[in-house]
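Computation of the quantities below employed the complete heavy-atom set of this structure, encompassing side-chain atoms and omitting hydrogens, waters and symmetry-equivalent molecules. Remember, predicted model here, so these are calculated numbers, not experimental data.
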Amino acid sequence: MMTVLWLIIVIAALLWIWPVWWSSVIQGSVDCIVDFPRHECDIQEAVPLSVTLVNRSWLPIPFAEVSIQLPPELSTKPDEPIQNLIFTTYVMMRRRVQITFTLYGASRGPATIRDIVVRMHEGIGIRNTFVYHQATQHIAVRPNPELSPNRTQTAANQGDFILDRWLYPDETMFKGIRPYQPTDPARHIHWRASARFGNLVTKQFFSSTDVDVCLVLNAQMAFPHWAGTVREPFEELIGYLTDMALYLEKSGANLSFVTNAVITGRRGASALGQMKATAIRSLLGHAQAYVAEPFDAILNYLLTHRHALPQQIFVFSAFETSAQTQQLDKLRRSGKDVVLIHPVNHPLRDTNTDEKLKEKHNQTTNNRATNVSEEVLS
């Protein structure tokens, strides 16, 4: 009987000592490492996320639960926004365990993994130990193109056919040959080369005019520019701009891009420069719905360097003040073809009316102050 009693006492003492001792040894000896092998992805595209638990102590971890709260730009399913990840495992002493999750792009924008919590206990569940990890890994979800209602259709006649293109071939500037296509005019067939190769080939010409297009994205949604932002029209404009960039580059245009939106990893506005459509789409994946500087700064830059600007300028904007509208008109009077594209599904209210009301309110306040001063003087 006494043996059984002593055995019970020893077991109870072990159950009381083991969790305390285990927690004191494990505490501060477990690291959590988060890594994104990729830095960008598309919407509904799978992207791996690896979480590594490193046990540097001489005691095992019988139970470890990894809980991750994903940002709204990422999801655990391709067709459903689910932001909670929970996974359980164990880690032996002086070992590491790597857990790989498959995430999907849910919405456009820069995403940062936050709120990673690792809960561990000694196998009984009496004593819990937590590891909180502040993630430093980022990934950007690139936008999907959205058909712009203002997309400019350009056509060029080539013989009896109409080709959707921006570049007009100059038949005096011979470039080379390529395989004949049914849409090619018969007068462009290179008969000598066709006889030599045994197949019909047609001539290629250099373009007589290279079309340059400037794309401008305005992220300002209020006056003054720091007063606030509206995400829905901003996302709609990004979809329009992505579609326009891909379409224009496919048509043969050279693209330039500038925006006043906040870009993750950059300071200030994005400077004007030539970019490929894929590079613009990648940059828009890092854009946030916040403004780095007012739209006036970009317009002043465009007016100052108007002689070096392309002839065609597309401005994607949901908000313009009266002064900004005058600057756009001044840019048009300088000879530039400025096309203003507004959001259709999420239009903003007339901001010029708000400005007029503010100006009227300020004038009324000034008049009242003047009247009071006159009464005092009299």
[Y] and [X], any side-chain heavy atoms less than 4.5 Å apart:
X	Y	value
Trp22	Thr129	yes
Phe234	Thr229	no
Asn199	Pro179	no
Phe316	Leu340	no
Leu59	Met93	no
Val131	Met120	yes
Met275	Leu255	no
Val315	Phe295	yes

Nearest 0.5 Å, please: how far is [atom2] in [Y] from [atom1] in [X]?
X	Y	atom1	atom2	value
Gln327	Asn300	CD	CG	4.5 Å
Asn254	Lys276	CG	NZ	7.0 Å
Phe101	Leu70	CZ	CG	9.0 Å
Leu241	Leu215	CG	CG	5.0 Å
Ile238	Asn144	CD1	CG	12.0 Å
Leu248	Asp212	CG	CG	11.5 Å

All pairs passing side-chain hydrogen bond (donor to acceptor under 3.5 Å, both in side chains) where [range] contributes a residue, at least two apart:
range	value
residues 76-94	none
residues 50-59	Asp31-Arg56, Asn55-Ser57
residues 230-240	Arg108-Glu235, Arg231-Glu235, Glu236-Tyr240, Glu236-His346
residues 35-46	Arg38-Glu45, Glu40-Arg142, Glu40-Ser282, Glu40-His286, Asp42-Arg142, Asp42-Arg281

- Query: Just checking, any donor-acceptor pair under 3.5 angstrom between side chains of His188 and Thr202?
  - Reply: no
- Can you name the residues that form a ring pair (Phe, Tyr, Trp, His ring centres under 6.0 Å) with Phe63, not counting sequence neighbours? His121
- Listed partners of His307 passing ring pair (Phe, Tyr, Trp, His ring centres under 6.0 Å), at least two apart: none
Show the nearest heavy-atom pair for residues [X] and [Y], with the distance to one decimal.
X	Y	result
Ala140	Gly285	CB-O, 3.5 Å
Ile82	Ser75	N-OG, 2.9 Å
Asn345	Pro347	C-CD, 3.4 Å
Pro310	Lys336	O-CD, 3.5 Å

In the single-linkage hydrophobic clustering (I, L, V, M, F, W, Y; side-chain heavy atoms under 4.5 Å), do [X] and [Y] co-cluster?
X	Y	value
Val91	Phe87	yes
Ile26	Val20	no
Ile124	Trp21	yes

For [Y], is there any backbone N or O sitting under 3.5 Å from a side-chain donor or acceptor partner on [X]?
X	Y	result
His190	Ala193	yes
Lys203	Ile189	no
Thr259	Leu217	yes
Thr321	Gln324	yes
Asp337	Gln311	no
Glu249	Leu246	no

side-chain hydrogen bond (donor to acceptor under 3.5 Å, both in side chains) partners for [X], two or more places apart:
X	answer
Gln288	Thr264
Ser317	Asn218, Glu320
Asn128	none

- Positive for side chain to side chain contact (heavy atoms under 4.5 Å, CB included) with Leu85, one of Leu74, Leu103, Ile113, Ile99: Leu103
- Matching residue for Ile68 among Val51, Val34, Asp115, Ile86 - test: side chain to side chain contact (heavy atoms under 4.5 Å, CB included): Val51
- How is the hydrophobic cluster of Val117 composed, in terms of its other members, when Ile, Leu, Val, Met, Phe, Trp and Tyr link through side-chain heavy atoms under 4.5 Å apart, directly or indirectly? Phe130, Tyr132
- For residues 121-132, pull every pair meeting salt bridge (Lys or Arg N to Asp or Glu O under 4.0 Å), keeping only residues two or more places apart or in separate chains. none
- Query: Can you list every pair that meets salt bridge (Lys or Arg N to Asp or Glu O under 4.0 Å) and has a residue in residues 294-316, with sequence neighbours left out?
  - Reply: none
- Message: Go through it in stages, so that I can follow the logic: the residues are Gln220 and Glu293, the test is side-chain hydrogen bond (donor to acceptor under 3.5 Å, both in side chains), and I'd like the CA-CA distance, side-chain angles, deciding distance and then a yes or no.
- Response: CA-CA 8 Å; Gln220 183 177 350; Glu293 60 183 14; over 6 Å; no
